[in-house]
Colleague: 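Submitted below is the structure of interest, expressed as C-alpha cells.
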Amino acid sequence: METYRMVLLDIDYVTCDEKPVIRLFGKDKSGDNEPIIAFDTSFRPYIYVLPHDTDSCIRELEELGIGKMEVLEMRDLGRMTPVIRAEFSHPSEVPKLRDRIRNLDSVRDIREHDIPFYRRYLIDKSIFPMSELEFQGEVRESAPLVEADDVKLVEITGEVSSTGQGTHELDILSFDIEARNPHGMPSPEEDEIIMIGVAGRDFSRVISTRGDHLDYVEVVDDEAEIIRRFAEIIREEKPDILVGYNSDNFDFPYISRRAEILGVDLNPGWDGSGIRTMRRGFANSTAIRGTVHVDLYPVMRRYMNLDRYTLERVYRELFGEEKFDLPGDRLWEYWDRDDLRDELFRYSLDDVTATYRIAEKILPLNMELTRVVGQPLFDISRMATGQQAEWFLVRKAHQYGELVPNKPSQSEFSERRGRRAVGGYVKEPEKGLHENIVQFDFRSLYPSIIISKNISPDTLTTDPECDCHVAPEYGYRFLKEPRGFIPSVIGEILSERVRVKGEMKRSKDPVEKKLLNVQQEALKRLANTMYGVYGYSRFRWYSMECAEAITAWGRDYIKRTIRMAEDFGFHTVYADTDGFYATYTGRKS
DNA sequence: TGTTTGCGGGG
DNA sequence: GTGTACGCAAACA
C-alpha cells in the first residue's frame, strides 16, 4: 500500500458486480503529472429517514430489505431530531425504494434522497475537485469499465482526504468546428464538417482536408479523418480542460451526429468511452470522461451583463479588440472559392484562439468557485449561482450535522413562483448636473444584515417571548441565539475572505497575489449570492420571510442614514439599495 | 394587466 | 443518473 496524491478533475461511478464503484480522474502529483484513475469500491449510498417512532420504523425498514441502519441525532432547522441513516447497496435502489419508505406509517419524512452519488462522495470525503487529494492505494492492471492502456490505475484501499493544496498549472485545449453551410445554419444531417480548430498553451492549428500551403493547417484525407484526428488529440493530450463556445449545444452534438452518419467510432474518454451528450432540461450538456469539458457560453452569460453573448461581443468586451470575423451565412462560399478559402482558415484559427484566450481569463474564477463549492468544474460551469450556493450549503450542512431540506415539490414550487420580496429602496435621481457630490455606500449590506440579525429559516420564530431581532415593516422575529445555519456559513465565507485578503497583501509573489485575488473574488461572489437565494423558488432553504426581512432592514438602514445626512445639511440626489449620492447645502431639509 | 410563447449561442 | 432544469422580452389574450 502506498500514498498517492492527485489533482481531481472529474468523478463518476460505474457498476461492477452489481456494486457501485466511484472513479476519480486526475493528474498524478506523486508521480510525473500523468493521468490517473483511482477507484473506490467501498462507498455506499444512504438516505436519512425521520421516524415518528424509531423502533417501529427500524422494523418497517427491515421488512423492506434495508440491511444497514444507524440511529443518529441531527439538527433539522434548529431542532435536534432522531434520524435513521438507511444504507443501500446501489444508488439505483434509492429512487426505487424512497416513495415506499416515505409512505410507511412510522415515517414522518425522508431527506437527502436526491443527492447524486458522486456528489455525496465528494461531500462525505471532504474532497474538492481542482484541488489535491491524498489516499492510500495499490496499483492495478485494470479498473472497472476502463479500456485504456495509457492511464495509471490505482485502487483506493485506505483513507481519502484533501491535502489543502490547490495550485496546479492548468492544461487547457480549446476547439471550434466549421461546417459547409449552403442553406443557412448547417445541419449535421447533410452538411459536412470542413474544419476543426484546436488551440493549447503554445500551439494552435486547424484540421482540414484542404489548405496544405498554410503552416497551421494539418491536412487529412476526408471528413471522417478530421473527426477521428480531433478525438485522437483529446485522447492523446488528455488536457485538464477542453473548452468550446456553445459547444454543448452545437459543436459536440454536431460532431457526434456526423461521426454516427460516417460510421466513425470515437473514444476520447480516459476510460475509452465516447462523447456523451445529456439532456439537461432544454439545453444539452456534453461530457468526455476524464477531461473536463467547459462550454464558455453559459459561463460568460453569468459572468458579465451584455446585450448579446456572441463570441465576437464577449471577446471585444474582455480584450477591447475586434476578432477577425466573416459573414456566417456565406462561410460555405469561402470554402468553395479558391480565392477566399484562406480567409476561412484564418477565421477558424482566430475563433479557436479567441476561445482559448477567453478561457485563460475566465477559468481561474471558476476554478476557485469549484474549490469553494466542492462540486466538479463541469457542473459548476453550468450551474446558476443559486445552485452553486445551494451545493455549497449542502456540503456545509453535512459538516455541521444539519439535515438538508428537501427540494420543493411541483406544487410548492408553483406556489413560490411569482412571489417576490420587495427590493431595495430607490430614490429616483434628480434631473440636472450636480456639483460637489458626496457618495456613501454600505459594504456588503445584505450579507452583513443576515449575520447581524441572524436571519435564517432555523432562527425564524413565532414565539413572542423570545430574545429576538424584529424585522421592520413585517415584524418577523429571528432568535438572537443560537447562531443560524446560513448566518454561520456566510460568516465563515467572510472571515475566510478577510484571511485571503490579508495573505494577498503580505504576498510578494505576483503570481500568488493574483491567485489569492481570484480566491477572495470567488468568496465575495458566493457571499453576495446568499441573500438573493432566500427568494429563489427552487432553493432548499427558501424562505420568503427571510428574503423580505433582509430587504426591509436594508431599506431601514439606508433611509435612516439618508435622514441623518440630511440633518447635517446634505441633500440626497439619488439613492439605490445600499448607497446614495448627495450634495452639501448646509441647510437642514 | 396578467399569461403564454420563443429565444439565446453556434455556421 | 439518488436525473427532467433558465430567465427574460415580446406577443398574446
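None of these values were measured; they are calculated from a predicted model. Each chain gets a letter, A, B and so on, in the order its sequence line appears, and its residues count up from 1.
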Colleague: Take the protein atom CZ of A:Arg417 and the nucleotide atom P of B:dT4, then report the distance between them rounded to whole Å.
Modeller: 10 Å
Colleague: How about A:Leu104 and A:Val49: do any of their side-chain heavy atoms sit closer than 4.5 Å?
Modeller: no
Colleague: One thing to verify: whether A:Arg382 and A:Asp295 come together as a salt bridge, which I'm taking to mean a side-chain N less than 4.0 angstrom from a carboxylate O.
Modeller: no
Colleague: When you check the phosphate oxygens OP1 and OP2 of C:dT4, does a side-chain N or O of A:Lys407 lie under 4.0 Å from one of them?
Modeller: yes
Colleague: Looking at A:Arg382, I'd like to know whether one of its side-chain N or O atoms comes within less than 4.0 Å of OP1 or OP2 on C:dA5.
Modeller: no
Colleague: A:Met185 side chain: which of C:dT2, B:dG9, B:dG10 is closest?
Modeller: B:dG10
Colleague: Just checking A:Arg119: base, sugar-phosphate only, or nothing, at a heavy-atom cut-off of under 4.0 Å?
Modeller: nothing
Colleague: Taking atom P in both C:dA10 and B:dG9, compute the distance separating them and give it to the nearest angstrom.
Modeller: 14 Å
Colleague: Under 4.0 Å between any heavy atoms, over every strand shown, what does A:Tyr254 touch: base, sugar-phosphate, or nothing? Just pick one.
Modeller: nothing
Colleague: How about A:Phe252 and A:Phe175: are their ring centroids closer than 6.0 Å?
Modeller: yes
Colleague: Taking atom P in both C:dG1 and C:dA5, compute the distance separating them and give it to the nearest angstrom.
Modeller: 13 Å
Colleague: The side chain of A:Leu331 lies closest to which of these nucleotides: C:dT2, B:dG10, B:dG11?
Modeller: B:dG11
Colleague: Starting from C1' on C:dC6, measure out to CG on A:Asp379 and report it in whole angstrom.
Modeller: 16 Å
Colleague: Considering only heavy atoms from C-beta outward, does the side chain of A:Thr81 approach that of A:Met74 to under 4.5 Å?
Modeller: no
Colleague: Would you tell me if any nitrogen or oxygen in the side chain of A:Tyr347 comes within less than 4.0 Å of OP1 or OP2 on B:dG11?
Modeller: yes
Colleague: How long is the line joining CD1 of A:Ile11 and P of C:dT2, in whole Å?
Modeller: 11 Å
Colleague: Using a strict threshold of under 4.0 Å (side-chain N to carboxylate O), is an ion pair present between A:Glu192 and A:Arg258?
Modeller: no
Colleague: What's A:Asp351 touching, base or sugar-phosphate or nothing? Going by heavy atoms closer than 4.0 Å.
Modeller: sugar-phosphate
Colleague: May I ask you to test the A:Val394-A:Arg119 pair for a side-chain heavy-atom distance under 4.5 Å?
Modeller: no
Colleague: Without decimals, in angstroms, what is the distance between A:Asn181 CG and B:dG10 C1'?
Modeller: 11 Å
Colleague: Using whole Å, report how far CG of A:Asn246 lies from P of B:dG11.
Modeller: 8 Å
Colleague: A:Asp307 has an atom CG; how far is it from atom P of C:dA10, in whole Å?
Modeller: 13 Å
Colleague: Whether A:Glu343 and A:Arg346 form a salt bridge (side-chain N of Lys/Arg under 4.0 Å from carboxylate O of Asp/Glu) is what I want to check.
Modeller: no
Colleague: For C:dG1 and A:Arg120 - does any side-chain N or O of the residue sit under 4.0 Å from the phosphate oxygens OP1/OP2?
Modeller: no
Colleague: At 4.0 Å (heavy atoms only), tell me whether A:Tyr309 reaches a base, stays on the sugar-phosphate, or touches nothing.
Modeller: sugar-phosphate
Colleague: What nucleic acid atoms does A:Pro95 come within less than 4.0 Å of, heavy atoms only: base, sugar-phosphate, or nothing?
Modeller: sugar-phosphate
Colleague: So if I take every side-chain heavy atom of A:Leu311 and compare against C:dG7, B:dG10, B:dG11, which nucleotide ends up nearest?
Modeller: B:dG10
Colleague: Base, sugar-phosphate, or nothing for A:Glu93, non-hydrogen atoms under 4.0 angstrom?
Modeller: nothing
Colleague: Can you identify which nucleotide, out of B:dG9, C:dA5, C:dT2, has its nearest atom closest to the A:Pro116 side chain?
Modeller: C:dT2
Colleague: A:Thr310 side chain: which of C:dT2, C:dG7, B:dG9 is closest?
Modeller: B:dG9
Colleague: For the pair made of CG in A:Asp248 and P in B:dG10, what is the distance, rounded to whole Å?
Modeller: 14 Å
Colleague: What's the CG-P distance between A:Asp350 and B:dG10, to the nearest Å?
Modeller: 14 Å
Colleague: Taking the C1' atom of each, how far is B:dG10 from C:dG3, in whole Å?
Modeller: 26 Å
Colleague: Under 4.0 Å between any heavy atoms, over every strand shown, what does A:Gly184 touch: base, sugar-phosphate, or nothing? Just pick one.
Modeller: base
Colleague: Looking at every strand, decide which applies to A:Asp114 at a 4.0 Å heavy-atom threshold: base, sugar-phosphate, or nothing.
Modeller: base
Colleague: Pick the nucleotide of DNA chain B nearest each of A:Gly328 and A:Arg301; which residue has the one closer to the 5' end?
Modeller: A:Arg301
Colleague: Assign A:Ala179 to base, sugar-phosphate, or nothing according to its heavy-atom contacts below 4.0 angstrom with the strands shown.
Modeller: sugar-phosphate
Colleague: Considering every strand and a 4.0 Å limit on heavy-atom distances, what is the contact class for A:Asp176: base, sugar-phosphate, or nothing?
Modeller: sugar-phosphate
Colleague: Compare side-chain N and O positions of A:Tyr13 against OP1 and OP2 of C:dT2 and report whether any pair is under 4.0 Å apart.
Modeller: yes
